[in-house]
Novice: 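The structure is given below, and queries will be raised subsequently.
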There are 2 protein chains.
Amino acid sequence: MELAEAKQKFIESWGKLGSEWGINRTMAQVHALLLISPAPLTTEEIMETLSISRGNANMTLRDLIGWGLIEKQHKAGERKEYFYADKDAWNIARQVAKERRKRELDPVVKILDELSKVEGDMKDPEFATFHKSVTDINKLAKNVDKTIETMINAEENWFWGSILKMFK
Amino acid sequence: MELAEAKQKFIESWGKLGSEWGINRTMAQVHALLLISPAPLTTEEIMETLSISRGNANMTLRDLIGWGLIEKQHKAGERKEYFYADKDAWNIARQVAKERRKRELDPVVKILDELSKVEGDMKDPEFATFHKSVTDINKLAKNVDKTIETMINAEENWFWGSILKMFK
DNA sequence: TTAAACTTTCAATAAGTTTTGAAAGTTTAA
DNA sequence: TTAAACTTTCAAAACTTATTGAAAGTTTAA
């Protein structure tokens, strides 16, 4: 396979994976493009390469900055802004885990905590089933939360080393 | 909070979380409803409770069966089909992990394997950066894959016990 | 058989999400 | 200042995905 074709395929696949996991396709594609670019790119270059509009490029780049996945860079003597992505896969994974926890997991845990406190008669099957499911899922969510916490603070080798040891 | 209100809130939150993670809202809501129902429900009851159409209910229930999250049940002497959800949070998590791995992670790993094989000149920064990102992400994806494998075959207490030990 | 009870399908439509592009805003250099 | 270079905004349009509901299909009991 040619490098050019391979790049194309990488961008496409990353976009598809993103959209299956609730991340907008264009955002994942822009991220993919920056991941495989040795040098920072301008808005113009990104628009061109991915055939997207200026508005879309601008919004997407802002979102990616909000997710902590890319950064603006300044080149001395130039007016244009350049964008650059951290290439370290572990950092990327941590960053995504961190943001999704904050944005999505934490709010749900908050609600599950509330719902766990709802009182009722354990002899009523309606209540008993509700209570079991809610508290059970709540425990699971808290374990996930702790695992993400560990991951965020961990070195890649140590983290996977510890987890993969479980195989033996 | 009233039980009725709490149920409502649980269904809503589950639907919202689902949609943020690429699972259609209605599907997550139907699943939530069945999770807190002590007895199996009919299509009719589900349509009624969630105010959705017959067609939608039917499709969603089939999908949930495809995900291995609910089952049809037969009641002796009745024509209607009843639907029942496994209430064990660990089973649910395993099942979802298993399906998403099969549907989404595996295809991406396959492409990453291919892309890792693309050859080029390491002195060309274009190639070097592409190659680093792809192989790096590929390794990460494989670790995730192995972790899911472990999870699928594991008992809940053993799995979390092993992971949470990492904290100490 | 028949017909009632129930399930499935799918084209049309609605709802939701993303994208565009032109206009407004901002910054910089002269 | 001014105007060119560049960035941001946002209403409208395009696109994608989910939902409806009526018709077709299937199963069962008599």
Side-chain angles (χ1 to χ4, degrees), chain A residues 11-12 14-34 40-67 69-84 100 103-104, chain B residues 11-12 14-34 40-67 69-84 100 103-104:
Chain A
I11 292 170
E12 259 173 44
W14 210 236
K16 195 175 168 226
L17 186 67
S19 70
E20 286 165 341
W21 285 84
I23 285 154
N24 131 4
R25 209 187 79 248
T26 303
M27 190 168 138
Q29 286 186 341
V30 171
H31 186 225
L33 172 62
L34 289 172
L41 300 180
T42 61
T43 302
E44 214 75 27
E45 289 169 312
I46 293 165
M47 286 166 57
E48 177 99 351
T49 312
L50 301 177
S51 308
I52 61 174
S53 71
R54 186 172 299 285
N56 195 5
N58 183 267
M59 272 194 158
T60 299
L61 288 165
R62 285 155 121 290
D63 280 355
L64 281 168
I65 290 171
W67 276 80
L69 294 172
I70 68 171
E71 292 181 350
K72 277 190 187 177
Q73 279 209 342
H74 231 304
K75 280 202 182 174
E78 292 223 40
R79 289 286 298 282
K80 284 195 282 284
E81 307 204 69
Y82 286 77
F83 298 90
Y84 183 78
R100 296 204 82 153
R103 295 170 193 219
E104 295 144 22
Chain B
I11 291 170
E12 260 173 45
W14 210 237
K16 195 175 169 225
L17 186 67
S19 69
E20 285 165 342
W21 286 85
I23 286 155
N24 136 354
R25 207 188 79 248
T26 303
M27 191 169 138
Q29 287 185 340
V30 170
H31 186 223
L33 172 60
L34 288 172
L41 300 179
T42 62
T43 302
E44 214 74 29
E45 289 169 313
I46 293 164
M47 287 165 57
E48 176 98 351
T49 311
L50 301 178
S51 309
I52 61 175
S53 72
R54 185 172 299 286
N56 194 7
N58 184 267
M59 275 195 157
T60 298
L61 289 165
R62 285 156 121 289
D63 281 355
L64 282 168
I65 289 172
W67 277 79
L69 294 172
I70 67 171
E71 294 181 349
K72 277 190 187 177
Q73 280 210 341
H74 230 305
K75 280 202 180 173
E78 291 223 40
R79 289 285 298 282
K80 284 195 282 284
E81 307 203 71
Y82 286 77
F83 298 90
Y84 183 78
R100 297 204 82 154
R103 295 170 192 219
E104 294 145 23

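Every chain is numbered from 1, with letters handed out A, B, ... down the list of sequences.
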Novice: Output the rounded distance in Å from CG (B/Leu61) to C1' (D/dT19).
Specialist: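 Rounded to whole Å, this separation is 14 Å.
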Novice: To the nearest Å, how far apart are A/Asp63 CG and C/dT19 P?
Specialist: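 One finds 11 Å between P of C/dT19 and CG of A/Asp63, rounded.
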Novice: Spell out protein contact along nucleotides 4-11 of chain D as letters: B when the base is contacted, S when just the sugar-phosphate is, - when no protein heavy atom is under 4.0 Å; keep the 5' to 3' order.
Specialist: -BSBBBB-
Novice: Would you say B/Glu78's side chain and B/Lys75's backbone share a donor-acceptor pair under 3.5 angstrom?
Specialist: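 Flag not set: sc B/Glu78 to bb B/Lys75 has no pair under 3.5 Å.
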Novice: Can you tell me how far the CD1 atom of B/Ile70 sits from the CG atom of B/Leu61, to the nearest 0.5 Å?
Specialist: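 So the CD1 of B/Ile70 and the CG of B/Leu61 are separated by 4.5 Å.
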Novice: I need the A/Ile23 CD1 to A/Arg25 CZ distance, nearest 0.5 Å.
Specialist: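 Reported value, rounded in 0.5 Å steps: 14.0 Å.
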Novice: Less than 3.5 Å apart, any donor N or O on the side chain of B/Trp14 or B/Gln29 sitting next to an acceptor on the other?
Specialist: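 Not at all, the side chains of B/Trp14 and B/Gln29 share no donor-acceptor pair under 3.5 Å.
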Novice: Show me the dot-bracket string of DNA chain D, counting Watson-Crick or G-U pairs under 3.5 Å, with | for pairs to another strand and [ ] for crossing ones.
Specialist: ||||||||||||||||||||||||||||||
Novice: Near B/Gln73 CD, under 6.0 Å, is it more than 12 heavy atoms from other residues, nucleotides or ligands?
Specialist: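 Count over threshold, so yes.
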Novice: Between B/Glu44 and B/Lys80, is there a salt bridge with N-O shorter than 4.0 Å?
Specialist: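 No, no charged N to carboxylate O under 4.0 Å.
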Novice: Rounded to the nearest 0.5 Å, what separates atom CG in B/Asp63 from atom NE2 in B/His31?
Specialist: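 Going from CG on B/Asp63 over to NE2 on B/His31, the span is 13.0 Å.
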Novice: Identify the residue among A/Ile11, A/Thr26, A/Thr60 that makes a side-chain contact (heavy atoms from CB on, under 4.5 Å) with A/Leu50.
Specialist: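 When A/Ile11, A/Thr26, A/Thr60 are each tested with A/Leu50, the side-chain contact (heavy atoms from CB on, under 4.5 Å) holds only for A/Ile11.
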Novice: Give A/Ser51 one of three labels, base, sugar-phosphate or nothing, depending on what nucleic acid heavy atoms sit under 4.0 Å from its own.
Specialist: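 Here A/Ser51 touches the backbone only, sparing every base.
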Novice: Roughly how many Å is it from CE in B/Met47 to P in D/dG21, rounded to a whole number?
Specialist: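 Whole-Å distance recorded here is 9 Å.
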